[in-house]
K.L.:
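Encoded as structure tokens, here's the structure I'll be asking about.
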Amino acid sequence: MKQHVVVYKNLPDALLARLRHEFDVTYFEAITDANRAQFLHALTGAHGLLGASLPISNAMLDSAPELKIASTISVGIDNFDLDYFRQRGIMLAHTPGVLNEATADAIFSLILTSARRIVELAEYVKAGKWTRSIEESMYGINVHGKTIGMLGMGRIGSAVARRAHHGFGMRVIYHNTRPNPEAERELNAAFVSRDDLLAQADFVCLMLPLTAQTERLIGAREFALMKPSAIFINGSRGRIVDEAALIQALQNKTIYGAGLDVFEKEPLPVDSPLLQLSNVVALPHIGSATHETRLAMATLAVDNLVAGLRGETPRHLAN
Ligand code: DGY
């Protein structure tokens, strides 16, 4: 009898066909209030789970007694309780590597857009307000030659720092759980304490995974340490930041601006004060969202799932 796979995220047809060839597949393009009960019911017979962007609670896992593997189409694994996966002996696979460059491109675009006020000024032109040469109050700030502070120098952090060093002649400082000798050699990156980084960086770039240790790591104290001219960039996870403290820091001009791809609550509520601030560039969590990269991630996630269900070791196990 074929094993049962539950997919809870839209998947390209060819990948879905590949899964259907080998497994019984229950397919949900996304989980909504309308189909949540059906999804939970499908879990009862699931051997494999494939998807993204949905917290998979331990209660959900409890309703899936046959589950062998969950394969997430993301590098981040904060939607899963790793300890519970270990306890249950369920494999958790993810998609590191293939999204590094696209995500670094998106994060660097946040740096440029925030510093040069691209969104704000493009809207000004579209609104027909460009009737004479712009005033000094509309100038941005330089990116090239400035100091970028990487809070986290893993795979994606290193890709951002490479762009900063090689493309924009920036000085790179970083703080990480452990030193990154390759970044120090290749990018002349200097390891500094977290507080020194916050005090020295012109661009504070948060590139950490969300864990119990990093949740709300950046709050009022940390924003107060930053320069008033600093731009805060977050392309990792919103819950690493105390968002109310960030809003205050932006409203009070404790910092100059922020470029944000991730938020405490996603989608960002329409009444968020962040949307009222001209010194904020907000994106809808698009770090890896290019056609090529999302296809590579989905392919890798399917490869991981298939390997796990065939009794092989998936290429990228998180536990
Ligand atoms: C990831 O892969 O974790 C990205 O944030 C997309 O969710």
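Just so it is clear, the structure is predicted and the values come from calculations on it, not from any experiment. For ligands, and for the atoms within them, numbers begin at 1 and follow the listed sequence.
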K.L.:
Is it the case that over 12 heavy atoms from other parts of the model lie below 6.0 angstrom from the CD atom of Glu266?
P.N.:
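It does: Glu266 CD has more than 12 such atoms within range.
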
K.L.:
Provide the number and element of each atom of ligand 1 under 4.0 Å from a heavy atom of Ser74.
P.N.:
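In order of numbering, the contacting atoms are 1 (C), 2 (O), 3 (O).
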
K.L.:
Taking atom types as modelled, find out whether Thr26 and Asp24 have a side-chain donor-acceptor pair closer than 3.5 angstrom.
P.N.:
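Per modelled atom types, Thr26 and Asp24 side chains form no pair under 3.5 Å.
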
K.L.:
Under 4.0 Å, counting heavy atoms only: does Arg237 come that close to any atom of ligand 1?
P.N.:
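Within the 4.0 Å threshold, so yes.
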
K.L.:
Give the contacting part of Leu99 toward ligand 1: side chain, backbone, both or neither, where contact means a heavy-atom distance below 4.0 Å.
P.N.:
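Side chain only.
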
K.L.:
Judging by distance only, is a nitrogen or oxygen of His285 under 3.5 angstrom from one on ligand 1?
P.N.:
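Such a contact does occur with ligand 1.
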
K.L.:
In this structure, is the centre-to-centre distance between the rings of His175 and Phe191 below 6.0 Å?
P.N.:
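Under 6.0 Å, so yes.
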
K.L.:
Polar-atom distance check: Gly76 versus ligand 1, any N or O pair below 3.5 Å?
P.N.:
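In this structure, Gly76 places an N or O atom under 3.5 Å from an N or O of ligand 1.
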
K.L.:
Give the C-alpha distance, both sets of side-chain angles, the deciding distance and a yes or no for side-chain contact (heavy atoms from CB on, under 4.5 Å) between Asn279 and Tyr256.
P.N.:
CA-CA 7 Å; Asn279 54 348; Tyr256 178 86; 5.8 Å; no

K.L.:
Can you establish whether the number of heavy atoms outside Asn142 located under 6.0 Å from its atom CG is more than 12?
P.N.:
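Count over threshold, so yes.
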
K.L.:
Tell me which protein heavy atom sits closest to atom 2 (O) of ligand 1, plus the residue, atom name and distance to 0.1 Å.
P.N.:
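Atom 2 (O) of ligand 1 sits closest to the protein heavy atom Val75 N, 2.7 Å.
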
K.L.:
With ring centroids as reference points, do Phe232 and Phe203 lie under 6.0 angstrom apart?
P.N.:
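Distance test on ring centres: not under 6.0 Å, no.
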
K.L.:
Can you sort out which atoms of ligand 1 are near Met297, meaning under 4.0 Å from one of its heavy atoms?
P.N.:
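Selected atoms, number and element: 2 (O).
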
